[in-house]
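Below: one structure, written as structure tokens.
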There are 2 protein chains.
Amino acid sequence: MNYPLLEATDPTTCLSGKMSRISRITANIFRKHIKEYGLSNSQMSLLFVLSKRRDLTQKELCDILFMEKSTLNRNLKRLVDQKYVTKKDFPALNITETGKAHLEKAIPAWRKAMKEIRSLLLADGEEAVDTILTKLKQSQL
Amino acid sequence: MNYPLLEATDPTTCLSGKMSRISRITANIFRKHIKEYGLSNSQMSLLFVLSKRRDLTQKELCDILFMEKSTLNRNLKRLVDQKYVTKKDFPALNITETGKAHLEKAIPAWRKAMKEIRSLLLADGEEAVDTILTKLKQSQL
DNA sequence: ATCGTAAAGTTGTATATACAACTGATATGA
DNA sequence: TCATATCAGTTGTATATACAACTTTACGAT
């Protein structure tokens, strides 16, 4: 039995595989730095958004984060359970003082993580990230 | 109460947030194309590697994929359960004829996915992916 | 040959992710 | 007003991911 398509394919070109590797390596570096604050990468991203904009809905957060609504709903729930986010004005969501204080405390660790990633990517690597994200966002309109 | 670090921080610069968005958008595009073959992105990556090299161990797959050993162990188990991979020569792992045949059938869908991603990234976007991955790999030695 | 250590593999647990299906709210047209 | 249709939010289920802890295997020194 032979497999002409498979034999003609170079799997190392697979962009899904490359992106997954990039994602795993990056996530691991960030996680290492911020885990001592009990925050995951995804939770930190969510808190960051909520720290800068008030009264966002789940739908709006989904659009900002390119995240499926059920994923967001559950990530959010964990932050609400910890009282970092309040649903007091539901459906509007807001970060609490507790949430802001916790995020504030985690920022030095976040900066260390950013520094470590930047030391790997250098300026052109960080630009490359923006290039890719800008292009991919075009598909999300 | 005020939060000097938080106020001095621009969360939109966060590389973890950017990478996560990139990962979600890309994974969704690939998933859309290959799901009809019952393969996930991660499973396809694994089968691709095993289709090109014989007798790899779990450890070797982990190193190739930058994946934690327990993650790999379970992803592998799903492929073994479906008889796409055999542990007959354990600890050496091998793709089966069934696995190769299934992968062969999925390749046209994979090509469509690649085409869609490439139409978004263009040549410079795809180069940017390689730039990033090459730099990040430096940290994994 | 054996004992001890280190490495590989497995299992328990928690979060992240998305799709499908359901619920509830809201808005719009007859 | 009411019926319906759409949209936001929630819940069920499955895979992906990683850390910690455990088991098993392999290997090296004495």
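The chains referred to below are lettered A, B, ... by the order of the sequence lines, with proteins before strands, and numbering in each begins at 1.
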Is the phosphate of [N], meaning OP1 or OP2, less than 4.0 Å from a side-chain N or O of [X]?
| X | N | result |
| --- | --- | --- |
| B:N75 | D:dT15 | no |
| B:Q58 | C:dT10 | yes |
| A:S40 | C:dT15 | no |
| A:K59 | D:dT6 | no |
| A:R31 | D:dA18 | no |
| B:N41 | D:dA16 | no |

Side-chain donor-acceptor pair present, A:T86, A:N94, cut-off under 3.5 Å: no
Short side-chain donor-acceptor distance under 3.5 Å, A:N73 and A:Q58: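 Present: a donor and an acceptor within the cut-off.
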Classify the nucleic acid contact of [X] as base, sugar-phosphate or nothing, counting any heavy atom under 4.0 Å across all strands shown.
| X | result |
| --- | --- |
| B:K87 | sugar-phosphate |
| B:T57 | sugar-phosphate |
| A:E68 | base |
| B:K32 | nothing |
| B:N28 | sugar-phosphate |

Per the atom types in the model, does the base of C:dG9 pair as donor or acceptor with the side chain of B:R74 at under 3.5 Å?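 There is none.
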Quick one: the side chain of B:T71 and the base of D:dA16, do they pair up donor-acceptor inside 3.5 Å? no
Please give, in whole Å, the distance from [N] [atom2] to [X] [atom1]?
| X | N | atom1 | atom2 | answer |
| --- | --- | --- | --- | --- |
| A:Q140 | C:dA18 | CD | C1' | 14 Å |
| A:L72 | C:dT15 | CG | C1' | 14 Å |
| A:M67 | C:dC19 | CE | P | 13 Å |
| A:D81 | D:dT10 | CG | P | 12 Å |
| B:R24 | C:dA18 | CZ | C1' | 11 Å |
| A:Y84 | C:dT15 | OH | P | 13 Å |
| B:I34 | D:dT15 | CD1 | P | 14 Å |
| A:I22 | D:dT17 | CD1 | P | 14 Å |

B:R53 and B:E60 ion-paired at < 4.0 Å: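 No salt bridge links B:R53 with B:E60.
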Do A:D10 and B:K52 meet the salt-bridge criterion of a basic N to acidic O distance under 4.0 Å?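 Not counted as a salt bridge, because no side-chain N and carboxylate O are separated by less than 4.0 Å.
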Among [options], the one nearest [X] by side-chain distance:
| X | options | value |
| --- | --- | --- |
| B:S42 | D:dG9, D:dT17, C:dA16 | D:dT17 |
| A:R78 | C:dA16, D:dA16, D:dT10 | C:dA16 |
| B:K69 | C:dA8, D:dA18, D:dG9 | C:dA8 |
| B:K35 | D:dA16, C:dT10, C:dA20 | C:dA20 |
| A:S70 | D:dA16, D:dC19, C:dC19 | C:dC19 |

Position toward the 5' end of DNA chain D (nearest nucleotide), B:P91 or A:A92: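 Nearer the 5' end of the strand: A:A92.
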In B:K83, B:R78, B:K77, the residue satisfying side chain to side chain donor-acceptor pair (under 3.5 Å) with B:D81 is B:K77
Is the backbone of A:S40 close enough, under 3.5 Å, to the side chain of A:Q43 for a donor and an acceptor to pair up by distance? yes
For B:E97, all residues meeting salt bridge (charged side-chain N to carboxylate O under 4.0 Å, His left out), sequence neighbours excluded: B:K100
